[in-house]
Amino acid sequence: MSLQFFDTRRRKKLPFTPLHDGKVGVYNCGPTIYDFAHIGNFRSYIFTDTLRRWLEVKGFDVLQVMNLTDVDDKTIRRSQEEKLPLNDYTARYREAFFADIDTLNIQRAHVYPEATTHIDVMVELVQNLLDSGNAYKAEDGSIYFSVSSFANYGTLSGKRLEDLRVGERVSSDEYESKDDVRDFALWKAYDEADGDVFWETPFGKGRPGWHLECSAMSTKYLGHDFDIHTGGVDLVFPHHENEIAQSLCGIGGDFAHWWLHNEHLIIEGRKMSKSLGNFYTLRDIIEMGYSPREIRYVLAATHYRSKLNFTFDGLKAARAAIERIDEFHASWATYPEGEAVPEATEAIERAEAGFFSAMDDDLNVSGALAHVFTLIREINALHHEGRATQGLLPQLTELWEKFDHALSLFNPFGEEAADPESERIDALVAERWQARADKNWARADEIRDQLAAEGIELKDGADGTRWKRK
RNA sequence: GGCGGCGUGGCCAAGUGGCUAAGGCGAAGGUCUGCAAAACCUUUAUUCGCCGGUUCGAAUCCGGCCGCCGCCUCCA
């Protein structure tokens, strides 16, 4: 099967071919850096990371761009509450964001453009839209995009202008100065409440509207036509719809050719919200004692277009699944010398084919994981018979690294690797090994109990004991 | 009112016309082991919300019903 993705606009899975041979440009709607990102945000970033990683495994040269929104109503308000200049305020959360994605082993995008450092390209776009007649300056001094000037408005989300329930959910006075309540702001005129946050432009003093930055920055780094644009489902309308309208009218080209959207997650079956008390940042979950890899596993293991039920039972199940993965990986070192048996080679080849076809099918991570676990079971069964040998390791290792490149779930993350007490523990384990050789079961069990009390589990093998923190 | 999604074993979760309905977790029994742990083997959905229909054949397509949910406002 060839690589295919589900495109929101065309509403079906279609074979993916990039605009330029071997190269793929991807733009991800990123965070607004006014607070710590929550666990739902990270589902999006795990999704975009998986997309980028899979494209890389498939041999594409990927250019990934993710915006950081560093100016909007909430950001301005919060910075004022803390009496900090906007940049000082956002710096704290920009730093936290990068620390968090590093924690989850999410690869860094190649470019992280920020709104406040791209005012010039946004101003140019607004000017183009004014010149082309797609935008107008309202009485309040703000610049609005005229939705009715763009015949194809609504093609991404499947909404028709006449169906929109205008004014029903937002007080109408907010829209007093617009020609049409469905028009959206490109440029917001300066208001005293904005304090010192404003830019002087040919069309007035103010700040950019929300949708503008993504059109301006994506095309600046990826071109007027680029391959893939991603975001959460909530962004389909109006954010992405508006991006399309302003880009097509003010920049030209076809803008993004593929639109991929990830579903949200729910927590223990309920929508995540602060009022329900089930709102978690990544840091909250880490503090509860779950490892980054366990969290990544849970966030990755449900297909990105399905609602993910994030539960603590699920995190525990992920812990057990990862232990199985790590046990398998660790057991390679105990394989005896010898050529690979045909069953082993065949199992590895089946796993590779299955994993690739699942991932090629719109990033079916659950399906891909099933093939990994089947491989683990089959090779373990051979190992049980003494027929898993060193000879199969080159092929297995190569495939394992591909798996890990794609999903980053199969090798320990950096901070898991080293244990500060390994020397002391190794010494106790060695002493116990000797005690067992002397058939001094009392001493052997005493050491095992002592380590168990510290949360360290021992596994005796034929030629040594391995240990692990639970 | 408009548009759209979902309902698969105890839990999580693939599969969307046809081999025995993936896989993980959990549970039960067994093998191995000084005892454990891990590993291995076996068992755990004659059935995919319910009722009809289309078809040689449906969890997969169509219709109806029940239940849950999303978007139409900021939001991953």
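Computed over heavy atoms, backbone and side chain alike; hydrogens, waters and symmetry mates excluded. Letters A, B, ... are given to chains in the order of the sequence lines, protein chains preceding strands, and every chain is numbered from 1. These numbers were taken from a predicted model, which means no experiment stands behind them.
Under the rule for a side chain to side chain contact (heavy atoms under 4.5 Å, CB included), the partners of S408(A) that lie at least two apart in sequence or sit in another chain are R53(A), N105(A), R296(A), F413(A). S79(A) meets the side chain to side chain contact (heavy atoms under 4.5 Å, CB included) test with L86(A), Y89(A); sequence neighbours excluded. With sequence neighbours left out, R9(A) forms a salt bridge (charged side-chain N to carboxylate O under 4.0 Å, His left out) with no residue at all. In this structure E82(A) satisfies the salt bridge (charged side-chain N to carboxylate O under 4.0 Å, His left out) test together with R92(A), sequence neighbours excluded. Remark: R443(A) engages E431(A), E446(A) in a salt bridge (charged side-chain N to carboxylate O under 4.0 Å, His left out) (not counting sequence neighbours). Listed by chain and residue number, nothing satisfies the salt bridge (charged side-chain N to carboxylate O under 4.0 Å, His left out) test with R11(A) (two or more places apart in sequence, or in another chain).
In terms of heavy atoms, V341(A) sits closest to R387(A) at CG2-O, 3.7 Å.
The residue P238(A) sits close only to the backbone: its heavy atoms come under 4.0 Å of sugar-phosphate atoms, none of a base. Note on K271(A): only backbone sugar-phosphate atoms sit closer than 4.0 angstrom, heavy atoms only; bases stay farther off. In this structure, G40(A) reaches the bases: a heavy-atom distance under 4.0 Å links it to at least one base atom across the strands shown. Nucleic acid contact for K316(A): none, since no nucleic acid atom lies under 4.0 Å from a heavy atom of the residue. Here H303(A) lies in heavy-atom contact (under 4.0 Å) with sugar-phosphate atoms only.
Distances shorter than 4.0 Å separate none of the side-chain N or O atoms of R11(A) from OP1 or OP2 on rG4(B). At the phosphate of rA76(B), neither OP1 nor OP2 sits under 4.0 Å from any side-chain N or O atom of N262(A). Under 4.0 angstrom from either OP1 or OP2 of rC72(B) there lies no side-chain N or O belonging to R182(A). In terms of phosphate contacts, R324(A) brings a side-chain nitrogen or oxygen within less than 4.0 Å of OP1 or OP2 of rC40(B).
Under the stacking definition used here (centres under 5.5 Å, planes under 30°), the residue H264(A) qualifies as stacked on the base of rA76(B).
The salt bridge (Lys or Arg N to Asp or Glu O under 4.0 Å) analysis of residues 35-48 of chain A, with sequence neighbours excluded, yields the pairs D35(A)-R78(A). The salt bridge (Lys or Arg N to Asp or Glu O under 4.0 Å) analysis of residues 402-413 of chain A, with sequence neighbours excluded, yields the pairs E352(A)-K402(A). Pairs passing the salt bridge (Lys or Arg N to Asp or Glu O under 4.0 Å) check and including a residue from residues 258-270 of chain A, sequence neighbours excluded, read E263(A)-K307(A).
As rounded to the nearest Å, rG52(B) and rU16(B) have P atoms that lie 26 Å from one another. Distance noted for atom P between rU54(B) and rG63(B): 15 Å (whole Å). When the P atom is compared between rA14(B) and rC74(B), the two are found 30 Å apart, to the nearest whole Å. Distance noted for atom C1' between rG1(B) and rA58(B): 34 Å (whole Å). On the C1' atoms, rG9(B) is 10 Å away from rC48(B), given to the nearest whole Å. Taking atom P on both rU42(B) and rG24(B), the two are 12 Å apart, rounded to the nearest angstrom. Annotation: rG17(B) and rA27(B) have their C1' atoms spaced 35 Å apart (nearest Å). Across rC11(B) and rC3(B), the matching P atoms stand 34 Å from one another, rounded to whole Å.
Place S306(A) and A370(A) on RNA chain B by their nearest nucleotides, and S306(A) ends up nearer the 5' end. Toward the 5' end of RNA chain B, the nearer of the two residues A301(A) and A317(A), judged by each one's closest nucleotide, is A301(A).
Taking the six-membered ring where the residue is Trp, the centroids of H261(A) and F47(A) are separated by 6.0 Å or more. Ring centroid separation for the pair H211(A) and H240(A) does not come in under the 6.0 Å cut-off.
Atom-to-atom, CG of L299(A) to P of rC12(B) comes out at 16 Å; the value is rounded to the nearest Å. Taking atom CE on M272(A) and atom P on rG70(B), their separation rounds to 14 Å, with Å as the unit. Going from atom CD of E263(A) over to atom P of rA76(B) covers 14 Å, rounded to whole Å. Distance N67(A) CG to rA76(B) C1': 12 Å, rounded to the nearest Å. Residue K74(A) contributes atom NZ, which lies 7 Å from atom P of rA76(B) at whole-angstrom precision. Straight-line distance from the CD1 atom of I266(A) to the C1' atom of rC12(B): 12 Å, rounded to whole Å. Distance CZ (F310(A)) to C1' (rC25(B)): 15 Å, rounded to an integer number of Å. One can place NZ of K159(A) at 16 Å from P of rG1(B), the figure rounded to the nearest angstrom.
The side chain of D234(A) has rA76(B) as its nearest neighbour among rC41(B), rA76(B), rA14(B). Distance from the side chain of F237(A) is smallest to rC72(B) among rC72(B), rG24(B), rC74(B). Among the nucleotides rA38(B), rG24(B), rA76(B), the one closest to the side chain of F373(A) is rG24(B).
In summary, K459(A) and E327(A) engage in a salt bridge, as defined by a charged side-chain N under 4.0 Å from a carboxylate O. Ion pairing of D361(A) with K13(A) is present here, as a side-chain N (NZ or NE/NH1/NH2) and a carboxylate O approach within less than 4.0 Å.
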Give each protein N/O atom lying under 3.5 Å from an N/O atom of nucleotides 8-11 of chain B, with the pair distance.
none

What nitrogen or oxygen pairs link the protein and nucleotides 31-35 of chain B at under 3.5 Å?
residue: rG34(B); atom: O6; partner: R436(A); partner atom: NE; Å: 3.3
residue: rG34(B); atom: N1; partner: D445(A); partner atom: OD1; Å: 2.9
residue: rG34(B); atom: N2; partner: D445(A); partner atom: OD1; Å: 3.4
residue: rG34(B); atom: N2; partner: D445(A); partner atom: OD2; Å: 2.6
residue: rC35(B); atom: O2; partner: R448(A); partner atom: NH1; Å: 3.4
residue: rC35(B); atom: O2; partner: R448(A); partner atom: NH2; Å: 2.3
residue: rC35(B); atom: N3; partner: R448(A); partner atom: NH1; Å: 2.8
residue: rC35(B); atom: N3; partner: R448(A); partner atom: NH2; Å: 3.3
residue: rC35(B); atom: N4; partner: D460(A); partner atom: OD2; Å: 3.3

- Query: Given pairs defined as Watson-Crick or G-U wobble with both distances under 3.5 Å, what dot-bracket annotation applies to RNA chain B, with ( ) intrastrand, [ ] crossing, | other strand and . unpaired?
  - Reply: ((((((((.[[[..)..(....]]]((((((.......))))))....[[[[[..)....]]]]])))))))....
